[in-house]
Number of protein chains: 2
Amino acid sequence: MNISDVAAGTGLPAKTIRYYEDIGLISPARRDNGYRDFSDTDMHNLAFLGRARSLGFSIEECRALLALYADRDRSSAEVRAIAQEHLQRIEAKIAGLVAMRDTLAGLITACHGDARPDCPILADLAAEPVGGATTDPD
Amino acid sequence: MNISDVAAGTGLPAKTIRYYEDIGLISPARRDNGYRDFSDTDMHNLAFLGRARSLGFSIEECRALLALYADRDRSSAEVRAIAQEHLQRIEAKIAGLVAMRDTLAGLITACHGDARPDCPILADLAAEPVGGATTDPD
DNA sequence: CATAAGGATTCCAGTAGATGGAAGGTCAAG
DNA sequence: CTTGACCTTCCATCTACTGGAATCCTTATG
């Protein structure tokens with residue numbers, strides 16, 4: 001198969017597929033004319049990579065998962081550990097974003113958003129470390 | 001003030017402060033010896049930037065917000081628009097991550113995670129477009 | 001056979017937002 | 001004068017691609 005077939009089959013851009021070869025995630029055969037010649041396995045692995053990436057696994061995690069996938073003697077515990085760690089990072093990211101969202105949503109609600117310059121959003125961003133607490137902590 | 005004072009005062013690494021100067025977010029004065037000489041305003045602006053960044057605003061949004069902050073004739077509507085747009089991107093990101101998390105959490109729950117190679121996580125990543133439809137499309 | 005379109009190839013550069021490190025100038029203390 | 005802490009610039013690196021240029025290969029058509 002040519003790269004465009006694989007691109008169509010996996011949904012990955014040809015550029016990305018070449019990149020994945022560059023960084024050693026796949027190693028498709030070459031024809032005499034220099035064209036890559038993808039096997040069904042290559043295609044399958046690329047689809048695997050596409051799905052893993054869409055779940056947010058990093059390239060290095062994808063590399064590890066692909067190796068485990070190829071290893072018939074793997075333990076499911078190894079795979080689970082990678083996924084678990086990734087899940088925790090996602091949870092952390094969600095928590096961070098939710099905190100951002102809540103703050104931001106509060107500020108947006110507080111801002112009248114008209115022609116006047118008065119703006120709680122800027123006021124908050126500009127906020128000096130509050131006078132009250134610093135003046136009389138005890 | 002020297003850069004390390006501002007770093008301590010804002011919580012931003014000196015490297016980041018230099019970087020912000022590089023990209024034109026701030027332009028501190030220079031002393032004869034070449035050292036940057038930060039004013040209170042510089043410090044204030046850097047703190048502003050730090051807070052805006054921590055709310056997830058992009059550098060370009062920060063630049064816009066800083067300009068609006070400096071503009072006494074701004075309309076709060078402009079600020080609100082930037083924040084609103086940013087909020088929507090955050091919401092979208094959260095939604096994407098929550099979808100990832102749910103899928104991943106489901107797979108992790110399904111995986112026994114022991115010494116056996118059998119693993120629903122890999123099985124899902126490897127999933128071919130289901131056999132049923134492809135075998136008999138007509 | 002010439003040619004032109006459409007794929008394929010490689011390689012270089014750029015994206016966001018820093019961060020690490022090397023090489024070297026400066027300053028204050030002893 | 002030396003030591004060590006601080007400052008400077010510049011270049012490289014990170015993630016995961018993506019865009020574009022220049023060139024080569026294939027296939028169809030006149």
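So you know, we letter chains A, B, ... as the sequences are listed, proteins then strands, and number each from 1.
A donor-acceptor contact shorter than 3.5 Å links the side chain of A/D71 to the backbone of A/D73.
For the OP1/OP2 pair of D/dT18 and a distance below 4.0 Å, the side-chain nitrogens and oxygens of A/T16 include at least one atom meeting the criterion. OP1 or OP2 of D/dC7 has at least one side-chain nitrogen or oxygen of B/S4 nearer than 4.0 Å.
Going from atom CD1 of A/I26 over to atom C1' of D/dA16 covers 15 Å, rounded to whole Å. To the nearest angstrom, P of C/dT26 lies 17 Å from CD1 of B/I3. Distance A/R53 CZ to D/dT15 P: 11 Å, rounded to the nearest Å. The nearest whole Å value for the distance from the CD1 atom in B/I59 to the C1' atom in C/dT19 is 14 Å. Rounded to a whole Å, the CZ atom of A/R18 is 12 Å from the P atom of C/dC11. For B/Y19 and D/dA12, the OH to C1' distance is 15 Å, given to the nearest whole Å. Protein atom CG of B/D22 is 8 Å distant from nucleotide atom P of D/dT9, rounded to whole Å. To the nearest angstrom, C1' of D/dC14 lies 12 Å from CD of A/E60.
Comparing atom distances between the B/P13 side chain and each of C/dA18, D/dC7, C/dT19 picks out C/dT19 as nearest.
Taking the charged nitrogens against the carboxylate oxygens, B/E60 and B/R63 do have a contact shorter than 4.0 Å, which makes a salt bridge. Note on B/R116 versus B/D118: no salt bridge recorded, every NZ/NE/NH1/NH2 to OD/OE distance being 4.0 Å or above.
Rounded to 10 degrees, the angle separating the terminal helix axes of the helix from C/dC1-D/dG30 to C/dG30-D/dC1, each built from five base pairs, is 40°.
To the nearest 0.5 angstrom, A/I121 atom CD1 is 7.0 Å from B/R80 atom CZ.
Among the heavy atoms of the strands, none lies under 4.0 Å from A/I23.
Taken residue by residue, residues 91-103 of chain B places no heavy atom nearer than 4.0 Å to DNA chain D. Taken residue by residue, residues 30-47 of chain A places heavy atoms nearer than 4.0 Å to DNA chain D at A/N33, A/Y35.
Each of B/K15 and B/F57 lies near DNA chain C, and the nucleotide nearest B/F57 is the one positioned closer to the 5' end.
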